[in-house]
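Reading through the structure tokens given below for one structure.
Keep in mind the model is a prediction, meaning the values are calculated, not measured. Chain naming here is simple, since letters A, B, ... match the order of the sequence lines and numbering starts at 1 in each.
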Protein chains: 2
Amino acid sequence: MDDPLLLKNQVCFPVYSLSREITNKYRPILDELGLTYPQYLVLMALWENEPQCVNEIGCKLHLDSGTLTPLLKRLEAKGLLARRRKSCDERVVEINLTDVGRKLKTEAAEVPQKVMKAMNVTAEELMELKEVVLKILDKQSCNS
Amino acid sequence: MDDPLLLKNQVCFPVYSLSREITNKYRPILDELGLTYPQYLVLMALWENEPQCVNEIGCKLHLDSGTLTPLLKRLEAKGLLARRRKSCDERVVEINLTDVGRKLKTEAAEVPQKVMKAMNVTAEELMELKEVVLKILDKQSCNS
DNA sequence: CCATGTTATATTGTGCGCAATTTAATATCA
DNA sequence: TGATATTAAATTGCGCACAATATAACATGG
């Protein structure tokens, strides 16, 4: 009954389930903007600060070039951003939003509330979730 | 500063990050058993109850046939389980563990503690995390 | 018994995620 | 300067996730 290999005794499995459930809630909402959830995260990073190189985005989102390079190319193909190597260091690819990409933030403004509604949770529950998750997440960063 | 589109104001992003961080902690530990995290989940489901059809496993793990069929084929290729259509209803594929697959539970017994150690968290923190996550996860099931 | 609908799994296609390797540019040091 | 090391992206390969569709088996009504 308290066998640590029983599914009901798992802690990580609910986190994994919730994470997928969340992206499922985002999907129809982001579909209207033509975005996936990881693409939306990249855009949020760029809406905050621009330009940013691939590495900077990767640090903030904990994603590597194997994930980001094709994702950024897809966003470029959609006309939302431009990829250009820096002249002072040709190894670095700098990402700039296009006007369309910048403007998309306006359309995305309603996404958070729509998701919260779709998830059927209160702001208090979300804050509680965030607090607990961040506390554990912080402990991973040093030795990951 | 309290722009809902700022990364630091996101609730779902930490959940998404933590979920990936967790599977990263599992990876080296499960590598020793030749398993991925989703494969480990499927085996936990089967260690609890056997045989199970694809659908039953999918319900427990919230995964569909598009994910499970190839995953189960890989576990079959590893010799851990057998897939066989039921004679009474040929639509249903029944999954049985092999002796090797059943025996693997013994080797997996240490996985949970190893992961907990790798994550550097206390049992209390994990219980707190589980409680909050399950509370929110429960609210999704009905309208997903 | 046959047509129609339903059900269970499989297949296809797209997009992550990540390890491992490659490529090219820059830095360093003998 | 020229060999070596380091760094940043890109590439390759594999395994999920999931939508959409296909396939085959079963169920049901006329």
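Backbone-only engagement by B:Lys73 is indicated by non-hydrogen atom pairs under 4.0 Å involving sugar-phosphate atoms exclusively. Counting non-hydrogen atoms under 4.0 angstrom, B:Thr67 reaches a base of the nucleic acid. Using a 4.0 Å heavy-atom cutoff across all strands shown, B:Leu68 reaches no nucleic acid atom at all.
Distances shorter than 4.0 Å separate none of the side-chain N or O atoms of A:Arg85 from OP1 or OP2 on D:dA9. Taking side-chain N and O atoms only, A:Tyr16 has a distance below 4.0 Å to OP1 or OP2 of D:dA17. Within the 4.0 Å cut-off from OP1 or OP2 of D:dC16, at least one side-chain nitrogen or oxygen of B:Gln39 is found.
Between D:dA10, D:dA9, D:dA19, one nucleotide has an atom nearer to the side chain of B:Asp64 than all others, and that is D:dA19.
The CD1 atom of B:Ile57 sits 15 Å away from the P atom of D:dA17 (whole-angstrom rounding). The separation between A:Arg91 atom CZ and D:dT6 atom C1' is 8 Å, rounded to whole Å. Here D:dA8 presents its C1' atom at 16 Å from CG of A:Leu63, a figure rounded to the nearest Å. At whole-Å resolution of the value, CG in A:Asp31 and C1' in D:dC18 are 12 Å apart. What separates NZ of B:Lys78 from C1' of D:dC14 is a distance of 11 Å, to the nearest Å. Per the geometry, CG belonging to B:Leu30 stands 11 Å off P belonging to D:dC16, to the nearest Å. Taking atom CG of residue A:Asn24 and atom C1' of nucleotide D:dC16, one finds them 14 Å apart after rounding to whole Å. Per the geometry, OH belonging to A:Tyr26 stands 19 Å off C1' belonging to D:dC18, to the nearest Å.
For the pair B:Asn55 (side chain) and B:Gly58 (backbone), a donor-acceptor distance under 3.5 Å is absent. Side chain of B:Glu56 to backbone of B:Cys53: a donor-acceptor contact under 3.5 angstrom is found. B:Asn9 contributes a side-chain N or O that, together with a main-chain N or O of B:Asp3, makes up a donor-acceptor pair within less than 3.5 Å. In this structure, B:Glu48 contributes its side chain and A:Leu7 its backbone to a donor-acceptor pair below 3.5 Å.
Taken from CH2 in A:Trp47 to CG in A:Leu104, the straight-line distance is 5.0 Å, to the nearest 0.5 Å.
Residues B:Met44 and A:Leu6 do not share a hydrophobic cluster, clusters being chains of Ile/Leu/Val/Met/Phe/Trp/Tyr side chains in contact below 4.5 Å.
For DNA chain C, the span of nucleotides reached by chain B at under 4.0 Å from its heavy atoms goes, 5' to 3', from C:dT7 to C:dA19.
Nearer the 5' end of DNA chain D, as judged by each residue's closest nucleotide, is the contact made by A:Val93, out of A:Arg27 and A:Val93.
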Requested in this report: Show your working on side-chain hydrogen bond (donor to acceptor under 3.5 Å, both in side chains) between A:Lys60 and A:Gln52 and close with a plain yes or no.
Outcome: CA-CA 11 Å; A:Lys60 287 183 187 162; A:Gln52 282 187 72; 2.9 Å; yes

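Scanning atom types as modelled, no donor and acceptor separated by under 3.5 angstrom connect the side chain of A:Ser65 and the base of D:dA8.
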